[in-house]
Amino acid sequence: MRNLLPILTIVAAIVLIWYAAAVALNAQWARDQAARAGQEISLSAIVADTWSQDKPKLPAPHQVAAEIWNTTGAMALAGRGMSKRSLFYHSWITFSATALGFLLGTGLGIALAIGIVYNRTMDMSVMPWVIASQTIPILAIAPMIIVVLNAVGISGLLPKAMISMYLSFFPVVVGMVKGLRSPSPMQLDQMRTWNASASQTFWRLRLPSSMPYLFTSLKVGMAASLVGAIVGELPTGAVAGLGARLLAGSYYGQTIQIWSALIMAATLAAVLVGLIGLLQRITLKKMGMA
Amino acid sequence: MSNDTVISARDLSLTFQTNDGPVHALKDVNLEVGKGDFVSFIGPSGCGKTTLLRCMADLEHPTGGTITVNGVSAEEARRARAYGYVFQAAGLYPWRTIGGNIRLPLEIMGYDKSDQTERVNRVLELVDLTGFEKKFPWQLSGGMQQRASIARALAFDADILLMDEPFGALDEIVRDHLNEQLLKLWERTTKTICFVTHSIPEAVYLSTRIVVMSPRPGRITDVIESPLPRTRPLDIRDTPEFLEIAHRVRDGLRAGHGDEV
């Protein structure tokens, strides 16, 4: 709990800047409204107005907080926690695509890394393609993935998960290639003196040695997965998911809704990455590598 | 080659191709190691003593000459798991207990569970680490870790023990203690030991034969048969015989250096 104070200090600073920015960005509208009504408006009235507009350029923190509460806690208390208007529901939709994409991406990443480490041809040929794949803007390729998969009859969760996978396999490949190559020449020689087979060397030396690298990659991969799932919801006219909320919000100028979806996405990412961090701590401590 | 020759090198050469031209790590090395011998290899850095040991272990491939281990090629001997190799660093896996680390080669070689347990207990007793089976490497001192790594090399049925400066990173006091224990262990197990070192007292104290090597190209300059008895208390190091051999080793090392020094 020693680091609670610095964290709270930063949060307070952000909230302060946020309120100030809300005043700066929303004041024009308040002044225009007053001018249209032919009224003089005092400074305090402007400030009060900028923090309570219906469609502000930048909603104030308490407006976002109230919106989040109304679409999560309040609905849950009313027994409609998973209704289609609830952020829990939308978060769940996005989470399921994120989780599936993350699992697929991690699997693909580890498989490619093993190929690269054990196969000379793959070592020389695959990495440039892996890197090239990440230079393509995901926003450009996401609609194509959705359309192509739809054409072969795959729709729903999987296309979104594929986009998540596309983003999340990259850090896993890079990290695991490094991790699987982390045993020292001495450790590999040692395995040779015991005449260990390739699979014995893999399971007993390379894989355990790669764990610290794997977890670091998983954290990056998880965050990338969430971005992928949200991006996957944008171009498809999806009606559910945090991405769909963002898009709908921007169509109708519902900035409060956009911001509450953003904060929800950030919270989801923090929770997921935190869970991996926890898993990392437990595993590495158990392995004596922490 | 007599019947109890364990390791035999004939005109062994190894040349590494580097960007600065070829490096002759070993040149025309001839050597026979008999069963139950304790042979030390001593020389300055770059004299090829470690390379020679690695050739015996099939970790390095000679570019000339032949080497046989137990009468077969080094590769066949490695495949038959003819030797245990102790590296300069203990190289214990942090995620395995001491017992688990010693069990590692046994698992790889397919010993059955009850045999593994029995062997782990036996070698832990041999290196005086009974009771540490469940401890993790980081809970042990450097000397104890190195003893565990020796136990690991002793756990399976190999008659040969190849040791590459196993005590090089340890302090003098620990080293003395481990040297004494190693001699006791050698007496009890009747293994053939090849031991690389750069310490003259260590080589003289431990060995039945001392192979003096010199660099550029790596070659053997002297082989000294030790007249010391097999049973050696630590204070044998103060006897005239001991000092005489140490003197001869030092002379050999100096001669090998030629006028480079």
Side-chain angles (χ1 to χ4, degrees), chain A residues 106 110 113-114 117-118 120 124 172 175-219 275-290, chain B residues 50 53-61 69 74-98 100-111 134-140 149 152-153 155-158 160-166 169:
Chain A
T106 304
I110 293 176
I114 292 171
V117 169
Y118 277 94
R120 221 179 120 65
M124 310 221 304
V172 178
M176 278 305 272
V177 166
K178 182 102 179 122
L180 291 174
R181 288 192 171 141
S182 65
S184 65
M186 192 204 86
Q187 287 177 308
L188 293 169
D189 276 347
Q190 200 171 50
M191 278 291 182
R192 235 173 102 75
T193 68
W194 298 327
N195 195 25
S197 68
S199 79
Q200 284 171 331
T201 306
F202 176 77
W203 289 107
R204 288 185 165 79
L205 175 60
R206 285 193 192 270
L207 193 64
S209 303
S210 71
M211 283 303 124
Y213 298 85
L214 175 65
F215 280 108
T216 310
S217 301
L218 290 185
K219 283 185 191 170
L275 278 177
I276 294 175
L278 192 69
L279 201 65
Q280 174 181 33
R281 266 224 299 274
I282 295 170
T283 311
L284 293 190
K285 202 173 167 89
K286 227 175 171 177
M287 288 175 71
M289 292 165 91
Chain B
T50 294
L53 203 70
R54 287 174 65 84
C55 284
M56 296 174 189
D58 188 41
L59 295 176
E60 235 38 276
H61 303 291
V69 177
E75 191 192 347
E76 281 171 83
R78 179 179 64 80
R79 292 192 184 287
R81 286 137 175 171
Y83 63 84
Y85 200 107
V86 180
F87 291 84
Q88 184 163 8
L92 302 171
Y93 293 4
W95 58 89
R96 282 176 172 250
T97 58
I98 296 302
N101 268 291
I102 296 171
R103 201 170 275 119
L104 177 65
L106 302 177
E107 285 171 12
I108 287 170
M109 295 173 193
Y111 287 86
K134 299 257 187 299
K135 293 265 188 276
F136 280 91
W138 56 268
Q139 294 171 301
L140 271 62
S149 93
R152 183 178 51 187
F156 48 96
D157 293 316
I160 307 170
L161 197 53
L162 304 176
M163 306 178 88
D164 184 6
E165 294 188 36

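Sequence lines set the chain letters: A, B, ... in the order given, protein chains first and strands last, and positions in each chain run from 1.
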- [ ] Could you walk me through whether Y93(B) and S209(A) pass side chain to side chain contact (heavy atoms under 4.5 Å, CB included), step by step?
- [x] CA-CA 9 Å; Y93(B) 293 4; S209(A) 303; over 6 Å; no

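- The contact between A89(B) and chain A is made by backbone and side chain atoms together, counting heavy-atom distances below 4.5 Å.
- To the nearest 0.5 Å, atom CD of residue Q190(A) and atom CG of residue L104(B) are 7.5 Å apart.
- With chain A as partner, the option from Y83(B), Y85(B), F136(B), W138(B) having the largest number of non-hydrogen pairs under 4.5 angstrom is Y83(B).
- Once rounded to the nearest 0.5 Å, the distance linking CD1 of I108(B) with OG1 of T201(A) reads 6.5 Å.
- Neither the backbone nor the side chain of S184(A) comes within less than 4.5 Å of any heavy atom in chain B.
- Using a 4.5 Å heavy-atom threshold, the side chains of R204(A) and R96(B) count as touching.
- Only the side chain of Q200(A) comes within contact range of chain B, with at least one heavy atom under 4.5 Å from a heavy atom of that chain.
- At a 4.5 Å heavy-atom cutoff, the contact between M191(A) and chain B is made by side-chain atoms alone.
- Checked by atom type and distance alone, the side chain of R81(B) pairs as donor or acceptor with a backbone atom of W194(A) at under 3.5 Å.
- Judged purely by atom type and a 3.5 angstrom limit, R192(A) has no side-chain atom pairing as donor or acceptor with the backbone of R78(B).
- By number of non-hydrogen pairs under 4.5 angstrom with chain B, the leading residue of S197(A), P183(A), P208(A) is P208(A).
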